[in-house]
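Structure first, then comments.
Reckoned from all heavy atoms, side chains included, excluding hydrogens, waters and symmetry mates.
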Amino acid sequence: MADLRTRYLGLELRSPLVASSSPLTGTLDGLRRLEAAGAGAVVLPSLFEEDLAEETRQVDALRATGATGAEARAGYPDQAGYGGGPAAYLALVAQAKAALSIPVVASLNGVSRGGWVRHAARLEQAGADALELNIYYVSSRPGLSGGEVEGNYLDVVREVRRAIGIPLAVKLSPYFSSLANLAGQLVEAGANGLVLFNRFYQPDLDIEAMEVQPALELSSSAELRLPLRWIAILHRRWGISLAASTGVHTAEDVVKVLLAGADVAMMTSALLHNGPDHLRPVELGLRDWMDRHRYETIDQLRGQLSQRSVPDPATFERANYIKTLASHPTPIR
């Protein structure tokens, strides 16, 4: 039987199938179900910078009444919703570490240095095996240059790296003019791994209510091609872990990202749609493919179709664009 063990962020995983940040990973029951179904690791829901700012505001308000720091923090009410607020989040990390035998990755989502550094250290103290920085930033200021945006990312990573000793991954969007260059700078700043990619949720417009509305659509396997390309390009370039995120739904998708050079395949939409037990057929399909192609370990197949391994590396760049357009049949009129 194929050996599915792999390493991600220096951590030993029994499988490359990782349950990424979602409501499923936000409860101890959900985490247990994912572990039982075969997850190699879990990423907890993101704790948002806005939650950290609200906690600080509430604690400061309580302190103004004469409460001590400890009393003020104890009096801060947990917030309902995604992630449950800072206090509940720290408790979930500690509970997950006590209950699970697989690595538990905490997640912080924000934009500025703010409370990231302080809370990153608290997450490490709570027992997180690693930390994922989910930097979600849409630059709408015409006067803000691309270099300044990248500099903000690098500042956050440097500050968090100084504050913690556990492995650090950065979840990126694909919207950078030179992603390969930024990847190298993030490594220098202290990142141990990259998660490709953060899926930006685009707002919609309600033309009757005349309002801007949030819109959530689960991903499909068709969206795998973007992370697939960049994982193949970045494989073995900086000596960092690579995680594929967005579009991983089937065993075939997992095989593709591993062949491109990923260490792990992160799944969110597929698990939300099908439930935690969806991991079982995906694992079986991965084992079956490896057996049929005579691969005994994940290490043997990883990166076999990365940019550095294929006969024509240009297929991951402009040549793919030209060949794709030329391959479309001419319509008959």
Side-chain angles (χ1 to χ4, degrees), residues 2-13 15-18 20 40-41 43 103 105 130 132-133 150 153 157 167-199 221 223-267 286 289-290 293-321 323:
D3 183 353
L4 299 187
R5 287 177 298 177
T6 187
R7 290 180 64 84
Y8 174 57
L9 300 175
L11 303 170
E12 295 284 349
L13 275 60
S15 163
L17 306 180
V18 173
S20 192
V43 184
V105 181
E132 179 179 286
L133 290 182
E150 293 182 5
Y153 276 63
V157 173
L168 176 63
V170 180
K171 192 169 188 178
L172 289 173
S173 80
Y175 305 119
F176 293 95
S177 59
S178 183
L179 187 60
N181 177 270
L182 178 61
Q185 293 189 70
L186 287 168
V187 173
E188 292 179 2
N192 303 109
L194 298 177
V195 182
L196 308 175
F197 287 107
N198 190 338
R199 192 163 176 257
S221 292
E223 296 179 60
L224 183 67
R225 294 172 189 171
L226 184 60
L228 195 68
R229 161 186 268 180
W230 279 103
I231 286 169
I233 290 173
L234 295 176
H235 177 60
R236 289 196 301 148
R237 285 192 181 273
W238 304 108
I240 55 171
S241 287
L242 296 173
S245 179
T246 298
V248 180
H249 285 253
T250 67
E252 182 181 60
D253 296 335
V254 175
V255 170
K256 287 179 180 180
V257 299
L258 293 173
L259 287 171
D263 296 303
V264 295
M266 292 190 168
M267 305 178 74
L286 173 59
W289 185 91
M290 290 177 66
H293 292 80
R294 301 179 183 274
Y295 286 107
E296 296 179 356
T297 68
I298 294 295
D299 286 341
Q300 289 174 348
L301 68 93
R302 182 183 294 111
Q304 290 296 304
L305 292 179
S306 68
Q307 187 181 42
R308 292 189 171 194
S309 300
V310 297
D312 184 7
T315 54
F316 286 105
E317 299 172 359
R318 185 173 172 82
N320 178 72
Y321 174 74
K323 289 179 180 178

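Take Leu305 and apply the side-chain contact (heavy atoms from CB on, under 4.5 Å) test, not counting sequence neighbours, and it matches Leu259, Val310. The salt bridge (charged side-chain N to carboxylate O under 4.0 Å, His left out) search around Arg7 returns Glu12, not counting sequence neighbours. For Thr297, there are no side chain to side chain donor-acceptor pair (under 3.5 Å) partners two or more places apart in sequence or in a different chain. Contacts of Glu150 classified as salt bridge (charged side-chain N to carboxylate O under 4.0 Å, His left out), with partners at least two apart in sequence or in another chain: none. Evaluation of the side chain to side chain donor-acceptor pair (under 3.5 Å) rule for Thr246 yields no partner, not counting sequence neighbours. Qualifying salt bridge (charged side-chain N to carboxylate O under 4.0 Å, His left out) partners for Arg5, counting only residues two or more places apart in sequence or in other chains: Asp3. For the side chain to side chain donor-acceptor pair (under 3.5 Å) test, no residue two or more places apart in sequence or in another chain qualifies with Ser245. Under the side chain to side chain donor-acceptor pair (under 3.5 Å) criterion, Glu132 pairs with no residue, sequence neighbours left out. Residues that satisfy the side-chain contact (heavy atoms from CB on, under 4.5 Å) test with Ala243, not counting sequence neighbours, are Tyr8, Val195, Val264, Met266. Annotation: ring-ring contact (aromatic ring centres under 6.0 Å, His included) contacts of Trp289 (sequence neighbours excluded): His293, Tyr295.
Evaluation of the ring pair (Phe, Tyr, Trp, His ring centres under 6.0 Å) test over residues 172-194, restricted to residues two or more places apart or in two chains, returns Tyr153-Phe176, Tyr175-Phe200.
Between the CG atom of Leu133 and the CG atom of Leu194 there is a distance of 11.0 Å, given to the nearest 0.5 Å. Atoms CG and OG, from Leu226 and Ser173 in turn, are 9.5 Å apart once rounded to the nearest 0.5 Å. Here CG of Leu234 is found 8.5 Å from CD1 of Ile231. Values are rounded to the nearest 0.5 Å. The line from CG of Leu4 to CE of Met290 is 6.0 Å long, rounded to the nearest 0.5 Å.
Within a 6.0 Å sphere centred on CD of Glu252, heavy atoms belonging to other residues, nucleotides or ligands number 12 at most.
Using a 4.5 Å heavy-atom threshold, the side chains of Ser20 and Lys171 count as touching. In this structure, the side chains of Thr6 and Leu258 stay at 4.5 Å or more apart for every pair of heavy atoms. Under the 4.5 Å side-chain criterion, counting only non-hydrogen atoms from C-beta, Leu286 is in contact with Pro16. Contact annotation: the side chain of Ile233 never approaches that of Leu179 to less than 4.5 Å [non-hydrogen atoms, C-beta and beyond].
Smallest separation of non-hydrogen atoms from Gln307 and Pro313: NE2-O, 3.3 Å. Closest approach of Ala191 to Val170, counting heavy atoms only: CB-CG2, 3.9 Å. Of all the heavy atoms in Asp253 and Gly247, the pair that sits closest is OD2-O, 3.3 Å. Of all the heavy atoms in Pro103 and Gly40, the pair that sits closest is CD-O, 3.4 Å. The minimum heavy-atom distance between Asp263 and Ile240, with the atom names listed, is OD2-O, 4.2 Å. The heavy-atom pair separating Arg236 from Arg308 by the smallest distance is O-NH1, 3.6 Å.
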Show which side-chain atoms of residues 182-190 pair as donor or acceptor with protein atoms under 3.5 Å away, not counting sequence neighbours.
| from | atom 1 | to | atom 2 | distance (Å) |
| --- | --- | --- | --- | --- |
| Gln185 | NE2 | Asn181 | OD1 | 2.7 |

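Counted by atom type alone, Arg294 and Gln300 present zero donor-acceptor pairs between their side chains at under 3.5 Å.
In this structure, Ser309 contributes its side chain and Gly303 its backbone to a donor-acceptor pair below 3.5 Å.
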